[in-house]
Amino acid sequence: QSHFVESGGALVQPGGSLRLSCAASGFTLDYYAVRWFRQAPGKGREGVSCISIDGGKQSYADDVKGRFTISRDNAKNTVYLHMNSLKPEDTGVYFCAHTYNCSDFVAITEYGGWGPGTQVTVSS
């Protein structure tokens, strides 16, 4: 099966904004929910945000709620993560992966399409 390609990560100052892209390579996004994960230095991989198959439902981790927005454009086969008011604690490698729904009870082993990730560094 094919995979995602994450892009858009950069070095940004605290308070800045970034838009990450999660592009499906070799498959259609139409039938999948998609979740963004991140892995901070020295920490495990954690869920950040998820968007339902139809885009009608979005969920966020508590520490990014109100600052991050997830969206999808099926015509472009891409999911986005718009990040505002970035903090140093947001630093990490950001990944996306597909699932069948956005339940918090879906095990990470059930996700697929993992890409190489994109590095986000928030620092002055």
When rounded to the nearest 0.5 angstrom, what distance separates [atom1] in [X] from [atom2] in [Y]?
| X | Y | atom1 | atom2 | value |
| --- | --- | --- | --- | --- |
| Lys57 | Cys50 | NZ | SG | 11.5 Å |
| Thr99 | Ile51 | OG1 | CD1 | 13.5 Å |
| Cys96 | Glu6 | SG | CD | 4.0 Å |
| Asp30 | Ile53 | CG | CD1 | 10.0 Å |
| Ser52 | Tyr32 | OG | OH | 16.0 Å |
| Gln13 | Ser124 | CD | OG | 7.5 Å |

For this session: Apply side chain to side chain contact (heavy atoms under 4.5 Å, CB included) to the pair Tyr80 and Arg19, showing each step before the final yes or no.
Result: CA-CA 7 Å; Tyr80 303 95; Arg19 288 182 180 87; 5.8 Å; no
For this session: Apply side chain to side chain contact (heavy atoms under 4.5 Å, CB included) to Leu29 and Phe4, showing your working.
Result: CA-CA 10 Å; Leu29 220 53; Phe4 287 114; 3.3 Å; yes
Exercise. Within 45 degrees of the axis of the six-membered ring of Trp114 and under 6.0 Å from its centre: does Arg45 put its NZ or CZ there?
Worked result: yes
Problem set entry | Charged tip of Arg35 within 45° of Tyr111 ring normal and under 6.0 Å | no
Can [Y] be reached from [X] by stepping across I, L, V, M, F, W or Y side chains whose heavy atoms are under 4.5 Å apart?
| X | Y | value |
| --- | --- | --- |
| Tyr60 | Val79 | yes |
| Ile108 | Val93 | yes |
| Val122 | Leu81 | yes |
| Val120 | Val64 | yes |
| Leu18 | Phe95 | no |

Within the side chain of [X], is there an N or O that forms a donor-acceptor pair under 3.5 Å with the backbone of [Y]?
| X | Y | answer |
| --- | --- | --- |
| Ser49 | Ser59 | yes |
| Ser21 | Ala23 | no |
| Ser17 | Asn84 | no |
| Gln39 | Glu46 | no |

For this session: Verify side chain to side chain contact (heavy atoms under 4.5 Å, CB included) between Val106 and Asn101, making sure each step is shown before the conclusion.
Result: CA-CA 8 Å; Val106 176; Asn101 64 49; 3.4 Å; yes
Problem set entry | Proximity of His98 and Tyr31 rings by center, below 6.0 Å | no
For this session: Return yes if a side-chain donor-acceptor contact under 3.5 Å exists between Asp73 and Thr78, otherwise no.
Result: no
For this session: State, with a plain yes or no, whether a side-chain heavy atom of Val5 is found less than 4.5 Å away from one of His3.
Result: yes
Exercise. Where do Trp36 and Leu20 land on the side chain to side chain contact (heavy atoms under 4.5 Å, CB included) test, with the steps shown first?
Worked result: CA-CA 10 Å; Trp36 283 96; Leu20 305 185; 3.6 Å; yes
Seminar exercise, completed: Residues pairing under side-chain hydrogen bond (donor to acceptor under 3.5 Å, both in side chains) where one sits in residues 87-97, two or more places apart or in two chains, turn out to be Arg38-Asp90, Arg38-Tyr94, Arg67-Asp90
Exercise. What pair of heavy atoms forms the shortest contact from Gly47 to Ala61, and how long is it?
Worked result: O-CB, 3.7 Å
